[in-house]
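Okay, structure first, notes after.
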Amino acid sequence: MDYEAFFQTELDTLKDDGRYRTFAELERKAGAFPRARHYTDDGVGEVTVWCSNDYLGMGQHPAVLAAMHDTLDSCGAGAGGTRNISGTNHHHVLLETELADLHGKEAALLFTSGYVSNWAALSTLASRLPNCVIFSDALNHASMIEGMRHSRAECHRFKHSDPADLDRLLSMVEPGRPKLVAFESVYSMDGDIGPIAEILDVCEKHGALSYIDEVHAVGLYGPRGGGIAEREGLMDRIDVIEGTLGKAFGVMGGYIAASKNLCDFIRSFASGFIFSTALPPAIAAGACASIRHLKTSQIERQRHQERVAQVRRRLDAIGIPTLDNPSHIIPVMVGDAHKCKMISDWLLEHHGIYVQPINYPTVPVGTERLRITPSPVHTDGDIDRLVNALSEIWSQCELARRAMAA
Ligand SMILES: *Cc1c(COP(=O)(O)O)cnc(C)c1O
């Protein structure tokens with residue numbers, strides 16, 4: 001086989017479809033977020049980032065940086081091993097204690113990323129619980145889907161955020177079988193929030209284990225940043241809460257929070273946990289500082305919500321079509337892969353505004369979009385520039401505007 005020709009053909013197909021991924025080469029400037037240097041073949045420019053998942057700017061917070069500097073100097077660079085073989089650092093244990101407390105659970109277990117935590121926890125639970133059946137929300141993240149698929153357990157997809165459909169599917173399974181229900185709180189691409197209480201009612205009715213991904217909510221919602229489940233007083237009804245340290249907490253890593261036995265079970269059986277080098281201690285210390293800060297400080301969350309509302313108001317006022325939702329994610333709908341990429345390129349080139357186009361397979365064909373994530377570190381001036389630039393390109397390309405409210 002001509003391997004190179006094969007790779008080339010596959011890549012050409014992506015390019016023809018407008019789905020080929022190009023990465024913006026950035027150098028984020030600590031202390032100056034959302035500003036970053038942008039490296040291109042033509043040189044280096046400055047851009048304002050409007051699509052970061054460092055939602056609160058915690059990646060440049062002095063407390064986080066200080067903790068990381070201190071720990072780097074005191075513990076060195078890497079963890080030095082897997083958790084089992086010399087890699088469990090004091091800072092991992094402190095962080096797990098902090099996470100268990102954040103979610104009001106007996107225990108927490110750290111992973112190298114949110115992706116790995118979903119993959120490892122779901123695949124281990126579904127493969128080890130004897131004859132387990134999985135019920136998965138239709139819009140679950142790739143990391144959950146991969147984990148469930150890897151388990152080879154029987155899997156049913158329920159309609160997105162539809163407790164009645166979940167109830168219907170659960171009713172068809174023998175009552176005695178172990179059942180695992182996996183869903184999210186804030187869905188990252190549409191920014192909608194699942195009906196957690198109603199899903200938990202159904203789980204409890206059928207004796208199913210509940211597993212929630214709060215990756216886009218931890219740090220951002222709830223009085224201590226415990227997520228939507230904290231805000232709604234539901235944490236104690238959920239069996240497994242999964243989160244990331246890489247988004248609102250601004251660092252890196254993933255985790256689950258659950259009962260002592262469940263965490264110990266995953267710790268003991270999950271290959272994605274056992275056979276991988278532990279996070280660097282400095283990363284753990286930085287994440288710990290970030291969580292601690294956000295447990296008591298409301299300023300970042302308040303300012304975040306205020307910025308989001310402001311951007312939404314401004315876009316609504318000029319009829320730029322956004323998907324309405326109750327979260328901090330603002331999807332500006334374009335509906336065409338080529339146009340979406342073209343708008344993104346134009347914003348970058350002419351205005352130094354960086355918003356990555358989101359195309360298939362991340363979102364369905366025909367719903368291509370710009371996913372805008374305002375943060376507390378975006379100024380009024382930044383918002384003016386974004387809104388004016390979008391208005392200009394919308395007129396230039398004769399894109400449809402939403403009927404403006406009277
Ligand atoms: C980003 C994401 C993850 C993975 O978390 P990482 O820490 O980035 O690996 C898991 N679930 C959802 C819904 C995500 O958007």
Side-chain angles (χ1 to χ4, degrees), residues 21 23 28 51-56 58-59 64 92 95-96 99 102-103 108-125 134 136-150 157 160-161 181-194 196 199 210-221 225 227-229 238 240-257 266 270 272-273 276-280 283-284 286-288 290-291 323 325 327-331 356 358-359 361-363 369 371-373 375:
R21 292 167 194 258
F23 298 161
R28 300 214 296 159
C51 55
S52 175
N53 281 339
D54 182 358
Y55 292 124
L56 300 177
M58 292 304 287
V64 175
H92 297 130
L95 176 53
E96 286 174 338
L99 287 164
L102 176 67
H103 294 292
L109 190 67
L110 261 180
F111 299 82
T112 45
S113 73
Y115 188 102
V116 174
S117 62
N118 272 333
W119 188 90
L122 285 169
S123 66
T124 303
L125 287 170
I134 309 168
S136 171
D137 185 283
L139 290 190
N140 274 342
H141 188 256
S143 56
M144 302 169 89
I145 295 168
E146 290 297 329
M148 294 183 281
R149 195 178 285 162
H150 183 75
R157 255 164 57 126
H160 175 54
S161 288
V181 175
F183 57 108
E184 302 182 20
S185 60
V186 176
Y187 286 83
S188 71
M189 289 304 147
D190 288 353
D192 57 316
I193 298 178
I196 305 175
I199 289 177
S210 52
Y211 183 108
I212 194 168
D213 174 320
E214 286 246 51
V215 159
H216 291 279
V218 291
L220 301 175
Y221 297 93
I228 301 290
I238 303 172
V240 185
I241 298 175
E242 183 271 345
T244 184
L245 305 169
K247 290 172 182 167
F249 292 126
V251 191
M252 187 191 181
Y255 65 90
I256 57 166
I266 303 295
F273 174 83
S276 190
T277 300
L279 283 174
I283 301 264
C288 204
S290 184
I291 295 163
L323 209 62
N325 67 45
S327 78
H328 58 283
I329 294 160
I330 306 181
Q356 185 69 25
I358 310 280
N359 289 346
T362 309
V363 295
R369 66 197 66 185
R371 177 181 179 274
I372 294 176
T373 52
S375 80

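Keep in mind the model is a prediction, meaning the values are calculated, not measured. As the structure lists them, so they are numbered: ligands from 1, and atoms in each ligand from 1. For this chain, numbers begin at 1 and follow the sequence in order.
Side-chain contact, Ser52 with Asp54: no donor N or O sits under 3.5 Å from an acceptor N or O. Side chains of His160 and Asp192: a donor on one and an acceptor on the other come within 3.5 Å.
Taking the side chain as every heavy atom from C-beta outward, Tyr187 and Ser161 approach each other to under 4.5 Å. By the 4.5 Å heavy-atom criterion applied to side chains, Ile291 and Leu245 are counted as neighbours.
Residues lining ligand 1 at a heavy-atom distance below 4.0 Å are given as Ser113, Gly114, Tyr115, Asn118, His141, Ser143, Glu184, Asp213, Val215, His216, Thr244, Lys247, Gly253, ordered by chain and residue number.
In this structure, the side chain to side chain contact (heavy atoms under 4.5 Å, CB included) partners of Met252, at least two apart in sequence or on a different chain, are Ile283.
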| Checking side-chain contact (heavy atoms from CB on, under 4.5 Å) for the pair Val251/Val64: CA distance, chi angles, key distance, verdict? | CA-CA 9 Å; Val251 191; Val64 175; 3.9 Å; yes

